[in-house]
Structure formats: C-alpha cells, structure tokens
Amino acid sequence: METTLRGVGVSHGVAIGEVRHMGTAVLEPPAKQIPADEAPREQARARQAVEAVANDLIARGNLAGGEAQAVLEAQALMAQDPELVADVERRIAVGSSAERAVYDAFASYRALLANAGEYLAGRVADLDDVRNRIVARLLGVPMPGVPDSDEPYVLIARDLAPADTALLDPSLVLGFVTEEGGPTSHSAILARALGVPAVVALPGATELVEGTVVAVDGSTGDIYVDPDKDRRAELAKAAEERRAALAATSGPGATSDGHKVPLLANVGGPADVEAAVKAGAEGVGLFRTEFLFLDDSKNAPSEEMQVEAYRQVLEAFPEGRVVVRVLDAGADKPLEFLTPADEPNPALGVRGLRTLLAHPDVLHTQLRALATAAEGLPVYLEVMAPMVADRVDAKAFADACRAAGLHAKFGAMVEIPSAALRARSILQEVEFLSLGTNDLAQYTFAADRQIGSVSRLQDPWQPALLDLVAAAADAARAEGKSCGVCGEAASDPLLACVLTGLGVTSLSMGAASIPYVRATLAKYTLAQCERAAAAARATDTADEARRAAQAVLSGE
Ligand code: PEP
Ligand code: MG
C-alpha cells in the first residue's frame with residue numbers, strides 16, 4: 001500500500017524507481033572469540049567472501065574496460081593474495097570471527113604497505129576498499145560506496161560527500177533521497193547539477209528497504225513509497241506539463257520590463273559544460289575548481305592538467321563571462337594534503353582562502369594555470385576567492401592574482417557575515433562580489449549545512465539572510481560594481497525574483513534550474529520584484545517571507 005514521507009525538496013522533477021543504498025563506511029567488527037569447533041566453518045565463510053569479492057571485481061572490470069579494468073583486476077589479486085588469506089585463516093584458528101580476522105589481517109598488511117615507499121603506499125586506499133568489500137559481505141551489509149547496479153535507481157544515502165559523488169554514473173541515477181543535508185548540502189548541489197530530482201533531510205530515509213519502489217517529487221519534498229497506479233499517472237502528467245512549459249523559455253535572463261539579470265551556470269568542471277550550454281546559460285557564475293582536486297587525495301593536479309580543464313570550460317563560452325573560484329578546500333570539502341586533520345571545528349578553521357594563503361604555491365599554480373588557459377580566448381575571465389572575511393583577505397587575494405600575471409577581474413565571495421556587513425571596504429580591493437548564500441546561511445545562523453536537523457535555519461528565505469544580501473548589493477551599487485548570487489538561493493525561481501529586487505546583478509545556479517528561473521523572472525517587472533523583496537524582508541520567518549513575496553507577485 002502506498003505511504004507518503006516528507007523531506008525537503010531541493011531539485012525539481014519526479015523520479016520513479018527502485019531504491020539502492022549508498023554503502024556506508026564499514027565499521028570495525030567486534031573482537032569476540034568464537035568456539036574452536038566453529039573455526040572450519042568461519043574459515044570457509046572467509047574464503048567464500050574473498051572469492052565472491054574477487055569475482056565481482058573482475059566482472060566489474062570486464063564491464064568497465066580500459067584503465068578501470070586494470071585497477072579492478074589488481075584489487076581482485078590483492079583480495080586473493082595467498083599470504084593474506086593464510087593470515088586470515090590463522091587468526092580464525094585462534095578464535096577470531098571471519099570478519100574480525102579479515103579486518104585484522106588487512107590492518108597488518110596495510111601497515112606494511114604504508115611504510116613501503118611511495119608507489120605501494122598509494123595502493124593503501126585500494127586495499128582498504130577490498131577489505132571493506134569483504135567485511136561488508138561477511139556482515140551482510142551493503143557494499144561501501146556507490147551501488148553496483150546496471151539498472152537506473154533512486155540513490156538513498158545518509159549524505160553525499162563530493163568524493164562519493166565523483167564516482168556516480170549520472171546515467172544510472174534517477175534521483176536522490178538523503179537523510180541528512182539541507183537545501184545547500186552537496187547532495188542537493190549535485191542533484192541540481194545532474195538535473196535529477198532530489199529530496200534531503202528525510203528522517204528514516206536510510207531505513208527504506210533496498211529494491212522498494214519510490215516516487216520522488218523534488219519540488220514538494222514528498223516521497224511516495226510503493227506508489228499506486230493513479231499516483232504514477234498524476235506525477236507523470238505533472239512532469240510532462242512542466243517540461244512543456246520550460247521548453248517554451250529561451251534567451252537571456254530579464255524581468256518582464258527588460259531589466260537584465262544574466263543567468264549563469266554553476267559547474268564543477270568540463271563535464272558540466274554541455275548541460276549549461278544546452279540550458280542557455282549566459283556564462284559560468286561559479287566554477288567550483290575543487291572537483292579537479294578530488295581525484296588524488298595526496299597531490300594537487302599538475303599545472304598542465306589544470307590548464308586543460310580550465311580551457312575546456314572557457315572555450316565553451318566565447319564572448320561570455322566565466323567566473324572561476326579558486327580552490328575552496330576544507331570543512332565540507334576536505335583535501336587530505338591541505339586540510340588540517342586535527343581542527344575541532346573545521347568549518348571555522350583553516351579553509352577556503354585561508355588554506356590558499358597558508359599554501360601560496362597551490363594558489364600561485366592555480367592562478368598561473370588560469371592565466372595560461374585564458375590566453376588568446378575572447379572570454380571574460382573573472383576569478384574569485386572563497387571565504388573572504390575582510391579587506392585584508394581581499395587584498396591578499398588581489399595581490400596574489402597580480403603576482404601571477406592574471407589579466408582578469410578579481411572578486412570576493414561573500415560567505416561570511418563580516419564580508420556582507422563591510423562589503424564596501426572589501427570592494428576597495430576587488431572588482432566584484434558573489435554571494436555564496438549556502439555558507440552565508442551556515443555562518444549567519446550557526447547551522448551546519450551538512451546536518452538535516454538544522455535545515456530550517458539553512459532556508460535562504462530567512463529574513464536575516466535577505467538583509468545581508470541587501471547590504472552587499474547596496475554596497476556594490478554604491479561602488480558601481482557588480483554583485484551576483486551563486487549560492488543555491490539563486491535556483492529557487494521565486495527567490496530569484498526577490499534577489500533581483502534586492503539589487504543582485506546576476507544569478508548563477510545548476511544548469512537544470514536555469515529554465516525555471518528564466519520563466520519565472522520573465523513574468524514580473526523589476527518594480528514588482530522590489531516590492532516582493534521589501535515584503536519578504538518585513539517578515540520574521542522564512543515561511544512568512546516566502547508567502548509575502550508570493551502574495552505581492554501574484555497580486556493578492
Ligand atoms: C556557497 O557557499 O554558497 C557557495 C556557492 O559555495 P559552496 O556551496 O561550494 O560552498
Ligand atoms: Mg561556500
């Protein structure tokens with residue numbers, strides 16, 4: 001029978017399909033002793049699990065082909081290493097359970113590898129993955145990481161980190177549902193980038209049984225478990241109507257009376273460019289370059305690799321504007337070689353621009369790569385720093401850009417309340433502002449963007465957040481400079497009108513949201529947007545702000 005659950009809808013559209021779980025990290029199995037007469041059975045269980053995992057890795061290698069096949073086959077060999085298997089059996093003979101024996105045998109092998117020079121140390125992550133697979137199999141829990149499925153599915157996860165999502169095959173993911181995360185979490189951002197429906201902050205999401213059919217409505221936040229025939233038909237009809245309405249929109253972003261608001265795309269790398277161009281993006285308002293740094297947890301990508309990736313994005317927007325954000329490492333986007341491991345509160349620690357100023361070589365290489373990539377292209381390159389707190393930060397970044405010989409506009413992201421409050425002072429050093437409303441909400445409300453239980457405070461309709469947006473936009477207007485929004489707030493069509501009314505000069509969002517925002521903005525005049533913005537700011541809660549803006553715009 002159909003049941004309904006409700007979370008927070010963060011990416012429009014409807015997906016219907018079977019659920020598959022993102023495997024969570026494998027926990028350490030308890031070190032309980034088993035009776036001696038159970039040892040042979042445990043040893044057989046361990047051998048079977050090793051065999052099954054090795055066969056699965058080989059089968060997946062055959063499917064993948066190329067470089068991936070070589071890696072998967074090497075992992076299969078690791079799993080079957082005779083010394084390792086003998087060590088597992090020895091440990092079981094003296095009383096370990098199969099899962100504990102595997103866990104411990106891999107730990108001692110891992111320590112050997114980790115101390116054995118650079119090449120072998122680099123294999124430690126692969127070894128850990130093999131161990132996790134064998135232990136998960138023995139414990140009867142889902143395999144860690146991205147589901148192994150050849151059929152499209154609805155992905156269920158506690159939350160998704162950028163490193164997990166880099167491995168997802170977009171052609172298989174129909175939609176996302178997560179237990180944690182708010183509207184600005186990486187799960188939500190990724191769903192919008194892929195253009196798939198998503199619901200976050202759904203309590204109990206991870207208890208949905210693997211294989212259950214769900215219908216995910218990413219606009220309302222509703223999840224229909226085992227949807228009946230009528231529900232499926234109703235959702236399919238609504239989705240079709242929406243597609244038809246969106247297909248009718250095109251051209252640059254503007255209000256109905258012609259006030260231009262360029263609609264730009266948020267991208268994570270060259271792979272996102274096609275969707276951005278297709279959606280009619282007028283450029284890129286946020287290139288999150290940290291995705292290029294996720295492939296190798298130990299090193300930054302080489303300057304040549306960076307040049308290549310930046311050039312591919314820049315070439316896609318001839319005559320257009322491309323705003324590149326320099327590496328934003330730390331907190332929700334940790335990088336092993338840059339992010340301090342021992343900070344008690346990473347969101348308030350060395351992250352974003354602070355990390356880059358502590359590693360000037362990484363910043364310099366990135367800026368030089370950008371300068372090289374833009375050479376000879378008719379593109380308007382703009383480069384901005386994440387997590388700018390004050391004028392000192394803004395000056396340090398502008399100095400670094402000049403030192404790298406970059407011919408571009410330099411800008412600052414406004415993600416910390418201090419930057420919004422003192423935006424005019426920051427604008428003495430840089431030429432534009434870009435509001436990162438995701439982090440700005442996190443820091444304004446002291447509400448971690450990764451935690452579902454505080455998602456109420458991550459709502460970008462919060463009037464206090466609107467006040468800070470207004471402060472930054474007013475400062476930019478007074479200085480004759482631009483102030484865009486590249487946080488997720490820009491992808492909410494109604495809020496996009498309010499942001500326009502607050503004086504924001506461009507809106508950047510995941511490509512899939514552009515048609516929705518374009519269509520809504522085109523319905524109202526600038527004066528209506530300004531009135532909606534004033535009405536929203538005059539309220540006390542996010543819900544009231546939303547209703548007030550809606551009432552103004554619908555002429556109630
Ligand atoms: C933001 O914080 O709003 C932003 C755009 O950056 P990110 O989401 O990548 O932290
Ligand atoms: Mg941010």
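When a residue number appears, it is its place in the shown sequence, counting from 1. Just so you know, these numbers come straight off a predicted model, no measurement behind them.
- When all heavy atoms of Pro270 and Val313 are compared, the pair lying nearest together is N-CG2, 3.8 Å.
- Phe106 has its side chain within reach of Val130: a pair of non-hydrogen atoms, C-beta onward, lies under 4.5 Å apart.
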Problem set entry | Pair Gln442-Gln450, side chain to side chain contact (heavy atoms under 4.5 Å, CB included): steps then yes or no | CA-CA 9 Å; Gln442 159 161 272; Gln450 299 184 88; 5.8 Å; no

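- For the atom pair CG of Leu468 and CG of Leu421, the computed distance is 5.5 Å after rounding to the nearest 0.5 Å.
- Minimum interatomic distance between Ala472 and Ala423 (heavy atoms only, all atoms of both residues): CA-CB, 4.1 Å.
- Across Leu174, Val173, Val19, a single residue satisfies side chain to side chain contact (heavy atoms under 4.5 Å, CB included) together with Tyr153, and that is Val173.
- Heavy atoms only, all atoms of each residue included: Ala447 and Gln458 are closest at O-NE2, 2.9 Å.
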Exercise. Going through the checks in order, is the side chain to side chain contact (heavy atoms under 4.5 Å, CB included) test met by Thr339 and Arg351?
Worked result: CA-CA 7 Å; Thr339 308; Arg351 61 161 301 195; over 6 Å; no

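- For the salt bridge (Lys or Arg N to Asp or Glu O under 4.0 Å) condition, no pair includes a residue of residues 180-191, sequence neighbours left out.
- Of the charged side-chain nitrogens involved, at least one lies within less than 4.0 Å of a carboxylate oxygen, so that Lys395 and Asp399 count as a salt-bridged pair.
- The side-chain heavy atoms of Val388 and Met413, taken from C-beta on, include no pair separated by under 4.5 Å.
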For this session: Apply side chain to side chain contact (heavy atoms under 4.5 Å, CB included) to the pair Phe397 and Val383, showing each step before the final yes or no.
Result: CA-CA 10 Å; Phe397 178 63; Val383 181; 3.8 Å; yes

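- Ionic pairing of Glu429 and Arg391 is present here: one or more N-O contacts between side-chain nitrogen and carboxylate oxygen are shorter than 4.0 angstrom.
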What side-chain donor-acceptor pairs closer than 3.5 Å can you find for residues 459-467, not counting sequence neighbours?
residue: Asp459; atom: OD1; partner: Trp461; partner atom: N; Å: 2.9
residue: Asp459; atom: OD1; partner: Arg546; partner atom: NH2; Å: 3.1
residue: Asp459; atom: OD2; partner: Arg546; partner atom: NH2; Å: 2.7
residue: Trp461; atom: NE1; partner: Asp492; partner atom: OD2; Å: 2.9
residue: Gln462; atom: NE2; partner: Arg456; partner atom: O; Å: 3.2
residue: Asp467; atom: OD1; partner: Arg537; partner atom: NE; Å: 2.8
residue: Asp467; atom: OD1; partner: Arg537; partner atom: NH2; Å: 3.3

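- Applying the side chain to side chain donor-acceptor pair (under 3.5 Å) test to every pair with at least one member in residues 261-272, sequence neighbours left out, gives these pairs: Asn266-Ser508.
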Exercise. Between Gln306 and Thr365, does a side-chain hydrogen bond (donor to acceptor under 3.5 Å, both in side chains) hold up when you go through it step by step?
Worked result: CA-CA 9 Å; Gln306 291 191 50; Thr365 304; over 6 Å; no

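- With salt bridges taken as basic N to acidic carboxylate O contacts below 4.0 Å, one links Asp128 and Arg110.
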Exercise. Leu327 and Leu338: side chain to side chain contact (heavy atoms under 4.5 Å, CB included), yes or no, with the steps?
Worked result: CA-CA 11 Å; Leu327 178 64; Leu338 289 178; 3.5 Å; yes

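- Closest non-hydrogen pair, Ser482 versus Thr505, comes out as CB-OG1, 3.5 Å.
- Here Arg354 does not pair with Asp393 in a salt bridge; the nearest charged N to carboxylate O distance is not below 4.0 Å.
- For the residue pair Arg100 and Ala31, the shortest heavy atom distance occurs at CD-CA, 3.8 Å.
- To the nearest 0.5 Å, the span separating CG on Leu353 from CD on Glu415 amounts to 10.5 Å.
- Here CG of Leu286 is found 9.0 Å from CG of Asp328. Values are rounded to the nearest 0.5 Å.
- Using a 4.5 Å cut-off on side-chain heavy atoms (C-beta onward), Val362 and Thr355 make no contact.
- Between the side chain of Glu290 and the main chain of Ala329, no donor-acceptor pair closer than 3.5 Å is present.
- Phe293 and Phe337 have parallel rings, their planes meeting at less than 30° on a 0 to 90° scale where 60° marks the start of perpendicular.
- Of all the heavy atoms in Leu440 and Pro417, the pair that sits closest is CD1-N, 3.7 Å.
- Residues Val454 and Phe445 are not in side-chain contact: their nearest non-hydrogen atoms beyond the backbone lie 4.5 Å or more apart.
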